[in-house]
Amino acid sequence: MPELPEVETVRTGLLPVMEGKIILSAQINRPDLRWPFPERMAERLNGTRVLGLRRRSKYILADLSSQETLLIHLGMSGRMLISGTQIGQFHHAHPAPQKHDHVVFDMEGGARVTFNDPRRFGAMDLIETARAEHHPLLANLGPEPLGNAFHDTYLAARLRDRRTPIKSALLDQSIVAGLGNIYVCEALYRAGIKPDRLAGQMTATEVSRLTTIIRDVLTEAIDSGGSSLRDFRQASGELGYFQHSFQVYDREDAPCLTPGCDGTIARMVQSGRSTFYCPRCQQ
DNA sequence: ATGGGGGCCTGCCGGC
DNA sequence: TGCCGGCAGGCCCCCA
């Protein structure tokens, strides 16, 4: 799915049409995504005002005037598409409904936000705002990689003695929340660390370099509007362009881009997922 | 407790 | 052209 930068890009895109606006109607077209929708979801959403839109890891949290929070996860293939916004003098009509449009929000102000998710690995839930961080999906998340709690002594402590590959450790959302397959591959490449090295064997220097690089990669990706793999779009419908900055992800057999390295990007499978790396400059 | 693998879904692409 | 296997940005759950 959308990893942290893509989710942050979606959140930013939704802000102008959702924050401060009333949900005039929520239309729910099926009983579930990955899990059943909460009881009476449409009724609980209708007429509430969206007080704020937050992000935690890869989750979007909409705090509502009803003291409830709408939790949204995009899974692998979820999208939030906006229509009906006024751009200059032109008014964009709502497009015809598409297959896999599972939830449709009509907002005060005329915008329509459509959650479309072919694979249905996404999720939505409604929870008490005051208890949001205790939601089972959020309770065990590690620190935000762009927040103050993520620093090298923290990461070193969490990696210590772990006998899992560093790649798996960085994908573990309880260690750091928001990384996915792409950004872990990119970060390990930039750090010059071979993805199958054991987490517990990282040196202090390597851990320190990793924390900085993880921040850098995510920040650059957010600044680029995320990545538009397989046509993933921002809420506005625009394509992000960080995919053009991938240095290893999906580049099997292509030349390594490190200056002076004549290696070739390789692919291996770890825990059933593709890892891309340069066997030459990642040690 | 920790690590690995299966499973959930649909769509797309390449090979035969 | 059609069918089939493999693959896909996630993450819960079960097993050893």
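Remember, it's a predicted structure, so these values are computed and weren't measured experimentally. Chain letters run A, B, ... following the sequence lines, proteins first and then strands; every chain starts at 1.
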**OP:** Could I get the full list of side-chain contact (heavy atoms from CB on, under 4.5 Å) partners for A:Ser168, not counting sequence neighbours?
**Re:** A:Thr164, A:Pro165, A:Ser271

Between protein and nucleotides 3-6 of chain C, what N or O pairs are separated by less than 3.5 Å?
none

Original post:
From the list C:dC11, C:dC12, C:dG10, which nucleotide is the closest neighbour of the side chain of A:Met76?
Top reply: C:dG10

Subject >> A:Arg34 side-chain proximity, nearest of C:dC12, B:dG11, C:dA8 >> reply: C:dC12

Original post:
Under 4.0 Å: is that the gap between some side-chain N or O of A:Ser274 and OP1 or OP2 of C:dA8?
Top reply: yes

Original post:
Would you say C:dG10 has OP1 or OP2 under 4.0 Å from some side-chain N or O of A:His73?
Top reply: no

**OP:** Output all residues satisfying side-chain contact (heavy atoms from CB on, under 4.5 Å) with A:Thr12, sequence neighbours left out; order by chain, then residue number.
**Re:** A:Glu8

Original post:
When you match A:Val269 and A:Arg273 each to their closest nucleotide on DNA chain C, which lands nearer the 5' end?
Top reply: A:Val269

Original post:
Atom CG of A:Asp250 to atom P of B:dG14: distance rounded to whole Å?
Top reply: 12 Å

Original post:
Under 4.0 Å: is that the gap between some side-chain N or O of A:His100 and OP1 or OP2 of B:dG11?
Top reply: yes

**OP:** Specify the residues of residues 184-193 of chain A, ordered by number, for which at least one heavy atom lies under 4.0 angstrom from an atom of DNA chain B.
**Re:** none

Original post:
Whole Å only: how far is the NZ atom of A:Lys99 from the P atom of B:dT10?
Top reply: 8 Å

Original post:
A:Arg267 and A:Ser274: side-chain donor and acceptor closer than 3.5 Å?
Top reply: yes

**OP:** Give one of base, sugar-phosphate or nothing for A:Gly180, where a contact means two heavy atoms less than 4.0 Å apart.
**Re:** sugar-phosphate

Subject >> Close side-chain approach of A:Tyr59 to A:Ile72, heavy-atom, < 4.5 Å >> reply: no

**OP:** Using whole Å, report how far CD of A:Gln98 lies from P of B:dT10.
**Re:** 17 Å

Subject >> Results of ring-ring contact (aromatic ring centres under 6.0 Å, His included) for A:Phe276 - residues two or more places apart only >> reply: A:Tyr249

Original post:
If you look only at pairs with a residue in residues 195-227 of chain A, which of them pass as a ring-ring contact (aromatic ring centres under 6.0 Å, His included), with sequence neighbours excluded?
Top reply: none

Original post:
Is a donor-acceptor contact shorter than 3.5 angstrom present between the side chain of A:Arg119 and the base of B:dC9?
Top reply: yes

**OP:** Find the distance A:Leu171:CG to C:dC12:C1' and express it as a whole number of Å.
**Re:** 15 Å

Subject >> Heavy-atom neighbours of A:Glu220 CD exceed 12 at 6.0 Å >> reply: yes

Original post:
Using the rule for Phe, Tyr, His and the six-membered ring of Trp, do A:Phe121 and C:dC11 stack at under 5.5 Å and under 30°?
Top reply: no

Original post:
A:Leu71 has an atom CG; how far is it from atom P of C:dC11, in whole Å?
Top reply: 12 Å

Original post:
Looking at residues at least two apart in the chain, or sitting in another chain, which of them share a side-chain contact (heavy atoms from CB on, under 4.5 Å) with A:Arg158?
Top reply: A:Tyr154, A:Ser174, A:Ile175

**OP:** Rounded to whole angstrom, note down the P distance from C:dG5 over to B:dG7.
**Re:** 16 Å

Original post:
With Watson-Crick and G-U wobble geometry limited to distances under 3.5 Å, how should the secondary structure of DNA chain C be encoded in dot-bracket form, using | for bases paired to another strand and [ ] for crossing pairs?
Top reply: .|||||||.|||||||

Subject >> Member of A:Leu170, A:Leu4, A:Val217, A:Asp172 meeting the side-chain contact (heavy atoms from CB on, under 4.5 Å) criterion with A:Leu179 >> reply: A:Leu170

Subject >> Partners meeting side chain to side chain donor-acceptor pair (under 3.5 Å) with A:Arg30 (sequence neighbours left out) >> reply: A:Asp32

Original post:
CD1/A:Ile193 to CD1/A:Ile213 distance, rounded to the nearest 0.5 angstrom?
Top reply: 7.0 Å

Original post:
Atom CG of A:Leu4 and atom C1' of C:dG10: how far apart are they, to the nearest Å?
Top reply: 14 Å

Subject >> Check: A:Cys278 and A:Cys261 side chains under 4.5 Å, non-hydrogen atoms >> reply: yes

Subject >> Interatomic distance at P, C:dC14 relative to B:dC9, whole Å >> reply: 16 Å

**OP:** With sequence neighbours excluded, tell me which residues meet side-chain contact (heavy atoms from CB on, under 4.5 Å) with A:Thr48.
**Re:** A:Ile23, A:Leu64, A:Ser65, A:Ser66

Subject >> Gap between atoms CZ and C1', on A:Arg30 and B:dC9 respectively (whole Å) >> reply: 10 Å

Subject >> Distance, rounded to the nearest Å, where A:Leu179 contributes CG and C:dG10 contributes P >> reply: 10 Å

**OP:** Kindly state each residue pair satisfying ring-ring contact (aromatic ring centres under 6.0 Å, His included) with at least one member in residues 177-222 of chain A, sequence neighbours excluded.
**Re:** A:Tyr183-A:Phe242

Subject >> Strand-adjacent residues in residues 158-165 of chain A, judged by heavy atoms under 4.0 Å from DNA chain B >> reply: A:Arg162, A:Arg163, A:Thr164, A:Pro165

**OP:** Indicate whether the side chain of A:His135 and that of A:Asp125 have a donor and an acceptor atom separated by less than 3.5 Å.
**Re:** yes

Original post:
How would you label the contact of A:Leu137 with the nucleic acid (heavy atoms, under 4.0 Å): base, sugar-phosphate, or nothing?
Top reply: sugar-phosphate

